[in-house]
Number of protein chains: 2
Amino acid sequence: MNIGLLLFIPNRYVENRMLAAVVNAGFEVTQAQARVLMRVGPEGTRLTELAEAAQVTKQTAGFLVDQLEQAGYLERVPDPTDGRARLVRVTEKAKFAVPVANEEMARMEAEWEQHIGKRRMAQLREALEMLGEITDPYR
Amino acid sequence: MNIGLLLFIPNRYVENRMLAAVVNAGFEVTQAQARVLMRVGPEGTRLTELAEAAQVTKQTAGFLVDQLEQAGYLERVPDPTDGRARLVRVTEKAKFAVPVANEEMARMEAEWEQHIGKRRMAQLREALEMLGEITDPYR
DNA sequence: TTGTTTTAGTCAGATTCTCTGATTAAAGTA
DNA sequence: TACTTTAATCAGAGAATCTGACTAAAACAA
């Protein structure tokens, strides 16, 4: 089985479960919105950065941020260091979603560790982190 | 860094490079089409199976197969074992795309092995295969 | 300083992808 | 045979994404 597919399966699984957890906690977001939302940093992030991190065009990122802003999960504030830019920030309302997502992720990791063992889990993480060095276009 | 993101990054990288390789070889397919196309087995595959493997609804799979059929990359033939079903098969035209994709994947694997080492690569594969047991909804 | 180029973001419009719900026909089952 | 499930499609809608053109601020070069 090719490694692309091997990566795809658990990745899809994680996305599904994290989204389900967040939605279940009462946050009405879609998968695409969630992908943007989870990349907003604690101090706010520029739209362009969000677009790059989520691998979509600025227009798409803007479209999703618009929706999240309307839903009250994000807000745009001027970037004090650059008159052209604006910082996208998570609102109080959405802050509660972050721990929900993190807890679900932690739960999955625990389940995985249970299944494959602590050692393999550490190896997996190490290998993936190193792969990130050559496969992450934005670092 | 959470393991979801760690899985996401190389997965996206693989998808991008495989698609680029195939497109570069003259096959005009989109990412979504490619995801379906790569899951068609050598003896043909039912639409329902394709949908499950690619994690989309039957309608979506059908829509993409329609396009691939129109482009001459896939064909539908009756399933001799089930009057309701039809087998989706890769045409001669598209058969040439398969090795292109496989070679690119092999190239990536070699690059990765180069970067993280043979041992870690084997560990990565082992861990992912085991994770598939609990994260693949269709097995 | 002025003119040029780059960067951040938006607007407009179109295309692509994906879904829900309903339907048809064949297969399996009681 | 009658009922239920399964494979696939039709119809329609919604979500996500793109390309191209544009504005304004910043960075840079002469």
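Letters A, B, ... are given to chains in the order of the sequence lines, protein chains preceding strands, and every chain is numbered from 1. Owing to the predicted nature of the structure, the values given are computational and were not obtained by experimental measurement.
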**Request:** Using atom CG of B:Leu64 as one end and atom C1' of C:dT16 as the other, report the distance to the nearest whole Å.
**Result:** 9 Å
**Message:** Whole angstroms only, please: what is the CD-C1' distance between B:Glu28 and C:dT16?
**Reply:** 15 Å
**Asked** Between A:Arg84 and C:dT7, is there a side-chain N or O to OP1/OP2 distance below 4.0 Å?
**Response** no
**Prompt:** When you check the gap from the basic side-chain N to the acidic O, do B:Glu92 and B:Lys95 get nearer than 4.0 Å?
**Reply:** yes
**Item:** Member of A:Arg76, A:Glu75, A:Gln33 meeting the side-chain contact (heavy atoms from CB on, under 4.5 Å) criterion with A:Val65
**Value:** A:Arg76
**Message:** Tell me whether the side-chain N/O atoms of A:Thr57 come closer than 4.0 Å to OP1 or OP2 in D:dC18.
**Reply:** yes
**Asked** Given atom CG of A:Leu87 and atom C1' of C:dT7, what is their separation to the nearest angstrom?
**Response** 15 Å
**Prompt:** Are B:Asp79 and B:Arg84 close enough for a salt bridge, meaning some N to O gap below 4.0 Å?
**Reply:** no
**Prompt:** Hey, does A:Thr60 reach any base, or is it just sugar-phosphate, or nothing, if we go heavy atoms under 4.0 Å?
**Reply:** base
**Item:** Nearest-Å distance for atom pair CD/C1', residues A:Gln55 and D:dA16
**Value:** 15 Å
**Item:** Rounded distance in Å - CG (B:Leu37) to P (C:dC17)
**Value:** 13 Å
**Item:** C:dT10 phosphate, OP1 or OP2, under 4.0 Å from A:Arg76 side-chain N/O
**Value:** yes
**Asked** Which residue lies toward the 5' end of DNA chain D, A:Thr81 or A:Phe63, if each is placed at its nearest nucleotide?
**Response** A:Phe63
**Prompt:** Distance check: side-chain N/O of B:Gln67 vs OP1/OP2 of C:dC17, anything under 4.0 Å?
**Reply:** yes
**Fill in**
note: A:Lys58, atom NZ; D:dA24, atom P; distance rounded to Å ~ 15 Å
**Prompt:** Roughly, in whole Å, what's the span from CD in A:Glu49 to C1' in C:dG9?
**Reply:** 13 Å
**Message:** Categorize B:Asp82 for me: base, sugar-phosphate, or nothing, with a 4.0 angstrom heavy-atom threshold over every strand shown.
**Reply:** sugar-phosphate
**Prompt:** NA contact type, A:Gly83, heavy-atom cut-off 4.0 Å: base, sugar-phosphate, or nothing?
**Reply:** sugar-phosphate
**Item:** Salt bridge B:Glu109-B:Arg125, side-chain N to carboxylate O under 4.0 Å
**Value:** yes
**Prompt:** With a cut-off of under 6.0 Å to the ring centre and 45° to the axis, is B:Arg39 in cation-pi contact with A:Phe8?
**Reply:** yes
**Asked** Phosphate oxygens OP1/OP2 of D:dA8: is one of them under 4.0 Å from a side-chain N or O of B:Thr48?
**Response** yes
**Request:** Test for a donor-acceptor pair under 3.5 Å between the base of C:dG21 and the side chain of B:Gln59, counting only N and O atoms.
**Result:** yes
**Asked** How close or far is atom P of C:dA27 from atom CZ of B:Arg46, stated in whole angstroms?
**Response** 10 Å
